[in-house]
Visitor: 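One structure, as structure tokens, below. Some questions next.
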Amino acid sequence: MSAPAPSPLAIVDAEPLPRQEEVLTEEALAFVAALHRRFTPRRDELLARRAERRAEIARTSTLDFLPETAAIRADDSWRVAPSPAALEDRRVEITGPTDRKMTVNALNSGARVWLADFEDASAPTWENVILGQLNLTDAYTRRIDFTDPVSGKSYALKDAGELATVVMRPRGWHLDERHLQVDGEEVPGALVDFGLYFFHNARRLLDLGKGPYFYLPKTESHLEARLWNDVFVFAQDHLGIPQGTIRATVLIETITAAYEMEEILYELRDHASGLNAGRWDYLFSIVKNFRDGGTRFVLPDRNAVTMTAPFMRAYTELLVRTCHKRGAHAIGGMAAFIPSRRDAEVNKVAFEKVRADKDREANDGFDGSWVAHPDLVPIALESFDRVLGERPNQKDRLREDVHVEAADLIAVDSLDAKPTYAGLVNAVQVGIRYIEAWLRGLGAVAIFNLMEDAATAEISRSQIWQWINAGVEFENGLKATPELAREVAADELANIRAELGEEAFAAGHWQQAHDLLLEVALDEDYADFLTLPAYRLLRG
């Protein structure tokens with residue numbers, strides 16, 4: 001008797017979308033199902049390992065470079081694969097979700113790279129997951145345009161030679177896609193996003209002289225990088241794509257990954273193209289992992305933790321040295337400012353800050369950096385043009401002057417700044433406003449002239465949790481308590497109601513957002529990711 005055929009990948013609880021059959025073909029779904037069956041068990045093991053490692057950090061309140069991988073770090077002979085031509089010059093990268101307008105504007109922005117984001121800048125509604133894939137395919141086949149229904153302004157792609165190179169970011173390993181199931185089990189969102197994109201576009205991108213390039217988020221260890229590498233090898237073999245075609249840039253946005261940068265590049269060496277300094281998620285990861293480590297790990301207001309803080313400089317300088325030692329690109333962090341057409345003075349101050357940030361990164365040896373808005377592309381370009389000139393990068397600058405000890409990366413108590421009451425208010429404001437927008441399907445949201453995404457909401461709720469649990473006393477004499485957080489949140493909800501009016505307030509998800517923020521900020525059991533409980537509330 002022959003074995004039963006594997007059950008097909010099922011689409012669950014999802015309203016049909018226009019043209020979704022172009023994305024969810026039988027062959028594409030079979031490919032995603034094959035990825036799921038082969039790799040989800042290992043994904044599950046690695047998520048369990050994260051919990052074990054976090055428990056160890058709670059016990060010891062320290063981290064160190066891994067003794068078992070010392071030989072990899074000591075071996076000066078290995079390098080990552082040479083960069084493909086389309087990724088050789090990455091001096092400015094723009095980030096954003098894959099809605100139709102952003103797709104056109106990001107490709108046209110003048111940036112060398114567009115991080116096409118299915119992760120922190122995109123709330124994973126079924127519409128965003130599927131139509132985002134469709135928008136990228138339409139861009140590659142030049143079937144995309146956009147007309148703003150309010151202004152009537154039309155957007156169309158520039159000539160191919162002027163377009164940014166796409167580096168797509170799938171969801172992190174911890175997030176599942178509830179609308180796609182195999183044997184009643186949800187498929188990891190990372191495999192859905194990667195699988196659909198790679199299946200439909202790998203060969204098409206090669207024909208265009210580029211390739212399937214990826215940003216890998218939320219990586220916590222070299223073993224997770226090894227899993228991605230095995231996914232890449234399998235996918236290329238399965239679809240007959242030459243091995244080494246894929247290129248991946250890993251975000252070093254968790255504190256544990258900062259201790260394994262070389263090992264992460266080593267595991268991905270046939271497919272690696274660089275590392276990125278993801279600053280907001282990195283701060284979130286420090287709070288999450290050392291949340292019960294006492295007062296020496298208490299971070300001040302997030303905007304007081306600049307990239308010149310000693311422990312942040314240790315992280316970024318180690319990243320540049322590690323990348324260049326191994327022939328990889330080092331990509332700097334986000335400039336999140338959103339220009340205002342109404343306030344020239346706000347713009348002037350913000351542009352100066354962005355310029356100083358990008359000047360510092362270029363002078364430190366980074367090969368490029370991120371911006372969140374097209375108007376910031378020229379500013380960042382100017383900073384990197386001044387240092388690079390006609391060179392595509394500065395990977396030859398090895399930064400052998402950099403020496404970082406394990407303790408330097410977690411020297412949070414080297415900061416003079418302290419948490420403030422205004423910082424608590426801001427964390428509550430940003431948390432509520434961002435979560436409300438996320439529940440409406442928006443992942444990248446302008447709040448107080450900054451482009452916020454899930455990472456900034458994570459650090460907002462994490463800081464509230466940490467300050468309360470550490471018994472922080474603010475400069476005005478008030479102590480961080482659950483009661484104070486509830487009071488501030490109630491005030492903010494009332495302010496939003498007054499600001500919007502009763503009808504607009506009722507049409508939003510404000511109460512839900514308020515309640516969820518307080519849940520993840522005040523619960524004794526700290527939720528690993530805000531987006532996990534939020535996803536169960538996300539409709540569509």
Side-chain angles (χ1 to χ4, degrees), residues 46 49-50 53-54 56-58 60-70 72-74 80 120 172-174 215-226 228 248-268 272 274-291 293 296-297 299 302 305-326 328-334 361 364-366 369-370 399 402-415 455 458-459 462 528:
L46 289 170
R49 186 179 179 276
R50 286 183 179 182
R53 194 168 194 196
R54 189 0 240 172
E56 178 69 9
I57 293 170
T60 63
S61 289
T62 193
L63 275 169
D64 204 345
F65 301 106
L66 301 180
E68 63 267 32
T69 54
I72 291 171
R73 298 192 299 275
V80 302
D120 272 3
W173 281 126
H174 62 286
Y215 257 110
L216 305 181
K218 306 288 192 292
T219 300
E220 296 199 13
S221 74
H222 70 286
L223 298 179
E224 294 179 17
R226 181 183 299 171
W228 267 120
T249 305
V250 180
L251 289 117
I252 302 299
E253 56 185 352
T254 67
I255 185 62
T256 51
Y259 287 86
E260 301 182 35
M261 292 189 208
E262 285 192 85
E263 294 92 329
I264 286 167
L265 285 176
Y266 181 80
E267 295 293 345
L268 284 158
L275 302 177
N276 170 275
R279 59 182 71 173
W280 292 128
D281 259 315
Y282 189 73
L283 291 176
F284 158 52
S285 176
I286 291 174
V287 174
K288 176 162 72 170
N289 280 285
F290 291 94
R291 62 184 181 267
R296 71 190 180 100
F297 290 106
L299 282 172
R302 67 165 178 146
V305 186
T306 68
M307 298 308 291
T308 59
F311 72 101
M312 294 299 278
R313 272 199 77 66
Y315 150 62
T316 55
E317 295 207 306
L318 180 62
L319 188 145
V320 172
R321 175 174 176 150
T322 300
C323 286
H324 291 181
K325 177 182 178 183
R326 304 304 181 180
H329 281 77
I331 307 299
M334 170 69 82
E361 288 178 328
D364 281 351
F366 280 96
S369 190
W370 282 7
R399 289 308 311 270
V402 170
H403 298 283
V404 174
E405 302 295 331
D408 298 337
L409 293 169
I410 50 174
V412 175
D413 55 354
S414 63
L415 287 171
E458 290 283 25
I459 193 167
S462 298
D528 280 345

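No hydrogens, no waters, no symmetry mates; every other heavy atom, side chains included, goes into these values. Heads up: numbering here begins at 1 and tracks the sequence.
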Visitor: Would the number of heavy atoms belonging to other residues, nucleotides or ligands and lying under 6.0 Å from CZ of F311 be above 12?
Guide: yes
Visitor: Hey, is the main chain of D281 close enough, under 3.5 Å, to the side chain of S285 for a donor-acceptor pair?
Guide: no
Visitor: Locate the shortest heavy-atom distance separating L283 from M312; write the atom from each residue and the value.
Guide: CD2-SD, 3.9 Å
Visitor: Can you find a pair of side-chain heavy atoms, one from F366 and one from I331, that are under 4.5 Å apart?
Guide: no
Visitor: May I ask you to decide if the ring planes of Y215 and W370 are parallel, tilted or perpendicular, using 30° and 60° as cut-offs?
Guide: perpendicular
Visitor: Before you tell me yes or no, could you show the steps for T308 and T306 under side-chain hydrogen bond (donor to acceptor under 3.5 Å, both in side chains), namely the whole-Å CA-CA distance, both residues' side-chain angles and the distance that decides it to 0.1 Å?
Guide: CA-CA 5 Å; T308 59; T306 68; 2.7 Å; yes
Visitor: Using modelled atom types only, decide if a donor and an acceptor are shared between the side chain of E260 and the backbone of S221 within a distance under 3.5 Å.
Guide: no
Visitor: Indicate the atoms forming the closest heavy-atom contact of M261 with L319, along with that distance.
Guide: SD-CA, 3.5 Å
Visitor: Do P217 and E253 touch side chain to side chain, with heavy atoms closer than 4.5 Å?
Guide: yes
Visitor: Kindly say whether T322 contributes a backbone atom to a donor-acceptor pair with the side chain of E262 at under 3.5 angstrom?
Guide: no
Visitor: Can you check side-chain contact (heavy atoms from CB on, under 4.5 Å) on Y266 and V80, steps first, answer last?
Guide: CA-CA 7 Å; Y266 181 80; V80 302; over 6 Å; no
Visitor: Treating R321 as the side-chain partner and L318 as the backbone partner, does any N or O pair qualify as donor plus acceptor under 3.5 Å?
Guide: no
Visitor: Considering only NZ, NE, NH1 and NH2 on the basic side and carboxylate oxygens on the acidic side, decide whether R49 and E224 come within less than 4.0 Å.
Guide: no
Visitor: Supply the atom-to-atom distance D64 CG to T60 OG1, rounded to the nearest 0.5 angstrom.
Guide: 10.0 Å
Visitor: Side-chain contact, heavy-atom cut-off 4.5 Å: L216 with T249?
Guide: no
Visitor: Do D364 and R313 meet the salt-bridge criterion of a basic N to acidic O distance under 4.0 Å?
Guide: yes
Visitor: Locate the shortest heavy-atom distance separating Y315 from R279; write the atom from each residue and the value.
Guide: OH-N, 4.3 Å
Visitor: Within the side chain of N276, is there an N or O that forms a donor-acceptor pair under 3.5 Å with the backbone of G332?
Guide: yes
Visitor: Which value, rounded to the nearest 0.5 Å, describes the distance between I57 atom CD1 and F297 atom CZ?
Guide: 9.5 Å
Visitor: Of all the heavy-atom pairs spanning T254 and E220, show the shortest one and how long it is.
Guide: OG1-CA, 3.6 Å
Visitor: Work out which heavy atom in R50 is nearest to a heavy atom in K218; give both atom names and the distance.
Guide: NH2-O, 3.1 Å
Visitor: Kindly write out the residues that satisfy ring pair (Phe, Tyr, Trp, His ring centres under 6.0 Å) with F284, not counting sequence neighbours, or none if the list is empty.
Guide: none
Visitor: T69 vs E263, test: side-chain hydrogen bond (donor to acceptor under 3.5 Å, both in side chains). Steps then yes/no.
Guide: CA-CA 7 Å; T69 54; E263 294 92 329; 2.5 Å; yes
Visitor: Nearest heavy-atom pair of Y282 and A258: which atoms, and what distance?
Guide: OH-CB, 3.6 Å
Visitor: Would you give me the side-chain donor-acceptor pairs under 3.5 Å for residues 407-415, sequence neighbours excluded?
Guide:
residue, atom, partner, partner atom, Å
D408, OD2, E405, N, 2.8
S414, OG, A411, O, 2.6

Visitor: Atom CG in L63, atom CD in E56: separation rounded to 0.5 Å?
Guide: 9.5 Å
Visitor: Do R53 and T256 pass the side-chain contact (heavy atoms from CB on, under 4.5 Å) test, and can you show the C-alpha distance, the side-chain angles, and the key distance before you say yes or no?
Guide: CA-CA 9 Å; R53 194 168 194 196; T256 51; 3.3 Å; yes
Visitor: Could you state the interatomic distance from CD1 (I255) to CG (N289), rounded to the nearest 0.5 Å?
Guide: 8.0 Å
Visitor: Could you state the interatomic distance from CD1 (I72) to CD (E267), rounded to the nearest 0.5 Å?
Guide: 6.0 Å
Visitor: Can you tell me how far apart CG (L275) and CZ (R326) are? Round to the nearest 0.5 Å.
Guide: 11.5 Å
